[in-house]
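Worksheet for the structure shown next.
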Amino acid sequence: MKPIPTLRQLRYLVAVVERCHFGQAAEDCLVSQSTLSAGIQELEDLLGAPLLERTKRTVVPTPLGRDIAARAQALLKDVEDLVDLAQVAQNPMAGPVRLGVIPTIGPFLVPRLMPALRQAFPDLKLYLREDQTARLLALLDQGELDAAIMALPYPTGALETAEIVRDRFSVVCPPGHRLCSLPKARPADMAIEDLLLLEDGHCLREHALSACSLEGARRNTGFGGTSLHTLVQMVANGLGVTLLPQLAIDAGILRGLDLKVVPLAGDSPARSIGLVWRRSSGRKETFRRLAATLKAEMVPAVTDEAA
């Protein structure tokens, strides 16, 4: 029988390849540096090939080390899914869940829904990570996150998705602006405005332009904000107008500012907010129930807004 590396040895290797630093990798693995170094040496002896190039100041993975680390990462993710599968068989809505959320959703949705989730699932422990969509999807693929709340549409590859709510856009402008006199703003009304949007990298930028049929207005997006709070401050200072999702407006992002909200014309000026997870995850039932609960909490609010 061939000698087989242990999961611990593979985890040590993955940590060193990611960090390129023995001390930081040891901290990630919650072991001493000597323990981690000995484990990797045992792995190299077992495989009969060097996986790392060591100097007094640096550590660099060999090509073989990078290849094995990538395969080990996928293997470790599958092992974690096996453990999740066994836990879910006992109680799907218990235990830790590492949940990602994007910055244009987290500050407005999480405080609104966390009390309901704690009441519905008291044994579920949610650990939140806020980051941009591309980074969250990378962490999800690597197994460092279990699921993520994000805005759709977005290329999600082989991930499973469940829609939570449709989040419509409105125009926000200073009082006295010409758009304030309109019952609803049309794309033609918006095309000549100085439109303030988030910087590249935020999916809300593309969703807003697409939902409002303003892809051709990119020449008017010279200024970019780092957050929705930055955008509304820029509008309040007379630098232009912006598009905000209803979720942020309902959460009070305009509170204390003298700004007006103008609805957008059309049937679908909205983004979709959804929960995504890996198809291979052993906690599919957990995420389906979680998405259903989130949707049930959001639907009454959306109905009230429509009324």
Side-chain angles (χ1 to χ4, degrees), residues 97-120 126-137 145 147-154 161-173 195-199 201-212 224-236 241-264 268-276 287 290-307:
V97 170
R98 299 163 298 177
L99 183 66
V101 61
I102 62 175
T104 59
I105 292 178
F108 315 111
L109 184 68
V110 171
R112 181 173 177 174
L113 294 178
M114 284 301 287
L117 292 178
R118 283 195 295 266
Q119 183 176 3
L126 289 175
Y127 296 89
L128 301 178
R129 166 72 179 264
E130 186 177 275
D131 212 328
Q132 292 187 16
T133 305
R135 177 62 178 161
L136 291 182
L137 292 181
L145 288 177
I149 298 176
M150 55 181 285
L152 304 170
Y154 194 94
T161 65
E163 185 179 86
I164 297 170
V165 70
R166 295 280 292 174
D167 190 20
R168 70 178 184 273
F169 289 100
S170 295
V171 185
V172 174
C173 52
L195 185 60
L196 304 172
L197 296 173
L198 293 176
E199 295 176 341
H202 293 271
C203 59
L204 181 64
R205 177 189 181 97
E206 303 305 322
H207 287 154
L209 290 171
S210 176
C212 306
T226 56
S227 72
L228 294 182
H229 290 88
T230 302
L231 287 183
V232 297
Q233 291 295 334
M234 293 167 72
V235 174
V241 302
T242 193
L243 296 167
L244 286 185
Q246 192 65 38
L247 188 65
I249 296 173
D250 292 344
I253 193 172
L254 303 180
R255 190 177 296 119
L257 298 174
D258 188 15
L259 295 174
K260 301 298 181 183
V261 178
V262 181
L264 283 167
S268 59
R271 62 177 179 169
S272 173
I273 296 176
L275 184 69
V276 303
F287 304 134
L290 189 60
T293 301
L294 294 174
K295 185 172 184 177
E297 288 294 324
M298 292 300 296
V299 166
V302 172
T303 303
D304 292 343
E305 292 160 9

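What you see is a predicted model; the values in this text were computed from it and never measured.
Heavy-atom minimum distance, Ile102 versus Ala151: CD1-N, 3.7 Å. Between Phe287 and Val97, the shortest heavy-atom distance links the atoms CE2-CG1, 4.0 Å. Taking both residues in full, the closest heavy atoms of Pro111 and Gly106 are given as CD-O, 3.5 Å, listed atom of the first, atom of the second, then distance. Nearest heavy-atom pair, Asp131 versus Pro103, reported as atom, atom and distance to 0.1 Å: O-CD, 3.2 Å.
The distance from atom CE of Met298 to atom CD1 of Ile164, rounded to the nearest 0.5 Å, is 8.0 Å. Rounding to the nearest 0.5 Å gives a distance of 12.5 Å between CZ of Arg129 and CG of Leu99. Atom CD1 of Ile273 sits about 10.0 Å away from atom CZ of Arg166, to the nearest 0.5 Å. Here the straight-line distance linking atom CG of Asp167 with atom OG of Ser272 works out to 9.5 Å at 0.5 Å rounding. To the nearest 0.5 Å, atom CD of residue Gln119 and atom OG1 of residue Thr293 are 11.0 Å apart. Atom OG of Ser170 sits about 8.5 Å away from atom CG of Leu243, to the nearest 0.5 Å.
Using a 4.5 Å heavy-atom cutoff, the side chains of Leu126 and Met114 are in contact. Looking at heavy atoms from C-beta onward, Leu117 lies in side-chain contact with Leu290 at the 4.5 angstrom threshold. You'll find the side chain of Met150 stays beyond 4.5 Å of the side chain of Leu136, heavy atoms only.
No donor-acceptor distance shorter than 3.5 angstrom exists from the side chain of Thr242 to the backbone of Val172, with no hydrogens or angles considered.
Legend: residues meeting side-chain hydrogen bond (donor to acceptor under 3.5 Å, both in side chains) with Thr104, ordered by chain and number and at least two apart, are Arg271. Ala116 meets the side-chain contact (heavy atoms from CB on, under 4.5 Å) test with Glu297; sequence neighbours excluded. Under the side-chain contact (heavy atoms from CB on, under 4.5 Å) criterion, Ala292 pairs with no residue at all, not counting sequence neighbours. Residues meeting the side-chain contact (heavy atoms from CB on, under 4.5 Å) test with Ala248, sequence neighbours left out: Phe108, Leu228, Pro245, Ile253. Annotation: side-chain contact (heavy atoms from CB on, under 4.5 Å) contacts of Val101 (sequence neighbours excluded): Ile105, Glu130, Ile149. Here Arg118 pairs with nothing under the salt bridge (charged side-chain N to carboxylate O under 4.0 Å, His left out) rule; sequence neighbours left out.
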* Might you work through the side-chain contact (heavy atoms from CB on, under 4.5 Å) test for Tyr154 and Leu137, ending with a clear yes or no? => CA-CA 10 Å; Tyr154 194 94; Leu137 292 181; 3.5 Å; yes
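When each of Leu254, Val241, Ile249 is checked for a side-chain contact (heavy atoms from CB on, under 4.5 Å) with Leu259, only Leu254 meets the rule.
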